[in-house]
Number of protein chains: 2
Amino acid sequence: MNAIKIPDIIIGRLPIYLRALQLMVEENIQTTSSQELGAHVGISAAQIRKDISQFGEFGKQGTGYKITFLIDKLKEILKIDRIWDVAIIGAGDMGRALARYQGFVNRGFRVVMVFDNDKSKIGQAIGEFVIQDMENMTEELKTRNIKIAMLTVPAPAAQKVTDLLVKAGAKVILNYAPVSLNLPEDVRVQYIDPATHLQRMTYYMV
Amino acid sequence: MNAIKIPDIIIGRLPIYLRALQLMVEENIQTTSSQELGAHVGISAAQIRKDISQFGEFGKQGTGYKITFLIDKLKEILKIDRIWDVAIIGAGDMGRALARYQGFVNRGFRVVMVFDNDKSKIGQAIGEFVIQDMENMTEELKTRNIKIAMLTVPAPAAQKVTDLLVKAGAKVILNYAPVSLNLPEDVRVQYIDPATHLQRMTYYMV
DNA sequence: TAGATTGTTAATCGATTAACAATC
DNA sequence: TAGATTGTTAATCGATTAACAATC
């Protein structure tokens, strides 16, 4: 369908544009320009125009972009013009925080299950969920056709659990464990590890 | 001191190398090669050698890198051969999870304070901390010379709180709020927003 | 010594920026 | 119409990879 392959670095900027545009809508702004959007997200106007134009001609010379229209297009491109079911694996502090996180609303995701292997946790409630036995994870994910997982298990367990997730058909993993994961080519991962993120900034400290 | 400027993209990979090397140490491995390390983190051997060689000649032809030595060097380069005090701003679910997170040990950071502006939370305990009044934040950060903050306040408050942090002398911010922050040039930020991270992966879903 | 692996150079590949015709 | 701003091309800039002499 897409004639040319879009670089991943461009895909990575689209959610940032989207977030800024949605903020503008909340402020009742109707229209914006690459210049203005760039100022909001700290990216050059030229780059924003180039990025967006990969997918079509969504703007108008002289007037810029109609925000609601651009939002719809970006959502469609990113395939978040729908709601994806997400499973949380690991009901520690981080898993619990994510289970109760309100920030997925209107952004394309909804948590539907929380798993843990700790017998003393299984059956407990977190927010609106009941912690389920990890023994049943593979089966449950398959049955409910869940493709997205947030991984909040301890680091030593992360690779093993990941292998199970892959077997269960997961294609997208948000990994909170501080380890690099080994994955087949068709499974994507993003790493969220506070220490690693901090470590890449301290270099610049005077 | 550094004659040439090192690209940020290289700095960003060093913590990943470091994490993998520390894992190797735990497995009692003494020595590694760019090839082997690359296999662990999913980066080409050539790139790893190039990255590391920006900072000195840390390897030996024929035998590779002595892991403990390389770890020490990387820590020194990243300025995490010390312990940085970190403040958590916002005692919601995410702030609480971070306050109790055990993953900072041995990685260069230690949480020392948690702030919130909710009167009903102030004075409460989270793990080993007592939630402090955000009114006192600027003063406390200055007094204790804290340069690093993890921002876990609601999105609408993030920019305002950030401005306060900057005034208080913060140079590094880990932002969990789903908004782009406006910052002076000498203050660094990394964004940790689960929805944004997921959104950049759904594009590849079939 | 022979094999392995670094550090580095040159070649390639990819991303960003500047500039401007087109046009709203 | 005049001013503004897009989409796109060409130029620049930067990052990655391939290859290999040096050497442990």
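Each chain gets a letter, A, B and so on, in the order its sequence line appears, and its residues count up from 1.
Of the side-chain N and O atoms in B/Arg13, none sit less than 4.0 angstrom from OP1 or OP2 of D/dA15. Side-chain N/O atoms of A/Tyr65 include one lying less than 4.0 angstrom from OP1 or OP2 on D/dG7. The phosphate of C/dT17 has OP1 or OP2 within less than 4.0 Å of a side-chain N or O from A/Ser44. B/Thr63 has no side-chain polar atom (N or O) that falls below the 4.0 Å cut-off from OP1 or OP2 of D/dC24.
Summarising the geometry, the separation between NZ on B/Lys50 and C1' on C/dA11 is reported as 12 Å, rounded to the nearest angstrom. Put simply, CZ on A/Phe58 is 17 Å from C1' on D/dT5, counting in whole angstrom units. Across the protein-nucleic acid pair, A/Asp8 atom CG and C/dT16 atom P stand 12 Å apart, rounded to whole Å. Summarising the geometry, the separation between CD1 on A/Ile48 and C1' on D/dT5 is reported as 13 Å, rounded to the nearest angstrom. Atoms OH (A/Tyr17) and P (D/dT6) sit 13 Å apart, rounded to a whole Å. For the pair B/Glu36 CD and C/dT6 P, the computed distance is 10 Å after rounding to whole Å. Across the protein-nucleic acid pair, B/Gln47 atom CD and C/dT8 atom C1' stand 15 Å apart, rounded to whole Å. If you take CD1 of A/Ile6 and P of C/dA15, they are 11 Å apart, rounded to a whole angstrom.
Distance from the side chain of B/Ile9 is smallest to D/dT16 among C/dG7, C/dA15, D/dT16. Picking from C/dT6, C/dA19, D/dC24 the nucleotide with the shortest atom distance to the side chain of A/Arg49 gives C/dA19. Looking at the side chain of A/Ser34, the nearest of the listed nucleotides C/dG7, D/dT6, D/dA18 is D/dT6. Closest approach to the A/Lys60 side chain among C/dT9, C/dC24, D/dG7 is made by C/dC24 (side chain taken as heavy atoms from C-beta onward).
Heavy-atom nearest nucleotides on DNA chain C were determined for A/Pro7 and for A/Gln61, and the one closer to the 5' end corresponds to A/Pro7. In this structure, A/Asp51 and B/Gly56 both approach DNA chain C, and ranking their closest nucleotides by distance from the 5' end singles out B/Gly56.
Summarising the base pairing, D/dT12 is matched to C/dA15 through a Watson-Crick or G-U wobble pair whose two defining distances lie under 3.5 Å. Here C/dA21 sits opposite D/dT6 as a Watson-Crick or G-U wobble pair (both hydrogen-bonding atom distances under 3.5 Å).
Judged by distance alone, the side chains of B/Asp51 and B/Tyr17 do bring a donor and an acceptor atom under 3.5 Å apart. Between the side chains of A/Gln159 and A/Asp163, at least one donor N or O sits under 3.5 Å from an acceptor N or O.
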(request) With salt bridge (charged side-chain N to carboxylate O under 4.0 Å, His left out) as the test, would you mind laying out the steps for A/Asp116 and A/Arg96 before giving the verdict? (result) CA-CA 11 Å; A/Asp116 204 294; A/Arg96 283 160 193 269; over 6 Å; no
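For the pair B/Arg188 and A/Tyr204, the distance from NZ or CZ to the six-membered ring centre is under 6.0 Å and the angle to the ring normal is within 45 degrees.
Remark: aromatic rings of B/Phe58 and B/Phe55 are distant, center separation not under 6.0 Å.
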